[in-house]
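Working notes for the structure below.
Chain naming here is simple, since letters A, B, ... match the order of the sequence lines and numbering starts at 1 in each.
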2 protein chains.
Amino acid sequence: MKWGGDMDEKLKERFARLEIRASILKAIAHPTRLFIIDELSNGERCVCELTEMIGVDTSTVSKHLSKLKGAGIVVDRKEGLKVFYNLATPCVLNFFDCVDKVIKTTAEERLKLIS
Amino acid sequence: MKWGGDMDEKLKERFARLEIRASILKAIAHPTRLFIIDELSNGERCVCELTEMIGVDTSTVSKHLSKLKGAGIVVDRKEGLKVFYNLATPCVLNFFDCVDKVIKTTAEERLKLIS
DNA sequence: TTGCTATTTGGTAGTATAGCCAAATAGGCA
DNA sequence: TGCCTATTTGGCTATACTACCAAATAGCAA
């Protein structure tokens with residue numbers, strides 16, 4: 001990321017914070033990862049269970065989980081051969097409410113435009 | 001996006017919803033767009049003001065705004081030559097709290113690991 | 001040890017994204 | 001009309017992401 005070179009210190013700090021925040025949100029902003037988050041809200045799941053549910057390659061699911069873990073959204077726990085994942089900070093579930101509100105508001109506005 | 005072909009209807013619907021939700025979150029998950037959202041929380045701003053603050057090309061800012069608008073996160077209002085943008089659904093500001101909590105929790109855990 | 005299962009990691013191809021510049025569009029004013 | 005400013009759009013390049021397959025790693029059990 002590159003912003004104007006003559007940026008003052010305060011703004012640079014502000015953007016540094018936003019960059020970290022964006023990285024967390026980016027880790028969440030993918031349908032498969034949202035599925036995982038939604039599923040983990042009902043309790044821990046192992047990689048094999050999630051893979052079975054989603055229906056993509058295990059390696060793909062593993063990489064999604066790795067991204068979520070790197071962002072601090074999930075934590076893992078090994079038990080024998082299996083690795084179980086859990087939500088680290090369940091507040092991410094609150095995102096759904098606001099996102100759905102955005103979708104609803106937008107849809108209502110668009111309906112108004114054509115009626 | 002492509003998931004397992006033998007997916008049942010219920011799961012397909014679930015993923016369809018998640019895909020829409022992900023598109024909203026993706027629109028938010030960029031430092032410059034977070035800056036814009038943060039800035040608009042203090043009231044409407046025109047493209048020129050935001051460009052001046054961020055220090056990138058006007059066309060870049062315009063495209064970021066276009067993405068936010070497409071996702072239903074901001075709305076615009078023309079006044080003479082200028083176009084003013086506003087938050088459409090201020091609840092997106094709530095995201096910051098949880099994101100910061102994720103960052104804080106992760107940082108604390110990592111500190112514990114090295115101490 | 002070997003074999004089996006669960007998971008992660010490396011490599012690669014296709015796709016998407018973000019930035020800049022240049023050009024097009026739109027509104028205000030002489 | 002022509003000129004100036006504000007914004008958007010198109011084209012381009014560089015970078016990042018995702019999905020698959022193949023190979024590597026890890027743990028359990030014979």
Atom pairs under 3.5 Å: protein N/O with N/O of nucleotides 27-30 of chain D:
none

Give a yes or no answer on whether the side chain of [X] reaches the backbone of [Y] with a donor-acceptor pair at less than 3.5 Å.
| X | Y | result |
| --- | --- | --- |
| Glu49(A) | Cys46(A) | yes |
| Arg33(A) | Lys26(A) | yes |
| Glu109(B) | Thr106(B) | no |
| Thr51(B) | Val47(B) | yes |

> Below 4.0 angstrom, N of the basic side chain to O of the carboxylate: do Lys112(B) and Glu108(B) qualify?
Replying inline: no
>> Salt bridge check, Arg14(B) against Asp38(A): does any charged N sit closer than 4.0 Å to a carboxylate O?
In response: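 Result for this pair is yes, salt bridge flagged.
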Rounded to the nearest angstrom, tell me the gap between atom [atom1] in [X] and atom [atom2] in [N].
| X | N | atom1 | atom2 | value |
| --- | --- | --- | --- | --- |
| Leu25(B) | dT17(C) | CG | P | 14 Å |
| Leu65(B) | dT8(D) | CG | C1' | 11 Å |
| Leu50(A) | dA19(D) | CG | C1' | 17 Å |
| Ile54(B) | dC20(C) | CD1 | C1' | 15 Å |
| Phe15(B) | dT18(D) | CZ | C1' | 14 Å |
| Asp57(B) | dT9(D) | CG | P | 15 Å |
| Ile28(B) | dT17(C) | CD1 | C1' | 17 Å |
| Lys82(A) | dT8(C) | NZ | P | 14 Å |

>> Parallel, tilted or perpendicular: which one describes the rings of His64(A) and His30(A), with boundaries at 30° and 60°?
In response: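 Correct class here is tilted.
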> Given dA6(C), is OP1 or OP2 found less than 4.0 Å from the side-chain N or O atoms of Tyr85(A)?
Replying inline: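 No, because none of the side-chain N or O atoms of Tyr85(A) sits under 4.0 Å from OP1 or OP2 of dA6(C).
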Are any protein N/O atoms closer than 3.5 Å to N/O atoms in nucleotides 11-16 of chain C? If there are, list each pair with its distance.
residue, atom, partner, partner atom, Å
dG11(C), O6, Lys63(A), NZ, 2.8

About how many Å separate [atom2] of [Y] and [atom1] of [X], when rounded to the nearest 0.5 Å?
| X | Y | atom1 | atom2 | result |
| --- | --- | --- | --- | --- |
| Leu93(A) | Leu87(A) | CG | CG | 5.5 Å |
| Ile73(B) | Ile36(B) | CD1 | CD1 | 10.5 Å |
| Arg45(A) | Leu65(A) | CZ | CG | 12.5 Å |

Quick check for you: among [options], whose closest atom lies nearest to any side-chain atom of [X]?
| X | options | result |
| --- | --- | --- |
| Ser59(B) | dT8(C), dT9(D), dA18(C) | dT9(D) |
| His64(A) | dT7(D), dT18(D), dA18(C) | dT18(D) |
| Thr60(B) | dT8(D), dG19(C), dT9(C) | dG19(C) |

> Can you check whether Glu44(A) reaches Tyr85(A) side chain to side chain, under 4.5 Å on heavy atoms?
Replying inline: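 Of all side-chain heavy-atom pairs linking Tyr85(A) with Glu44(A), none is under 4.5 Å.
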>> Show the nearest heavy-atom pair for residues Cys91(A) and Lys101(B), with the distance to one decimal.
In response: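 The answer is SG-CD, 4.2 Å.
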> Going by number, which of residues 66-76 of chain B have a non-hydrogen atom under 4.0 Å from DNA chain C?
Replying inline: Lys67(B)
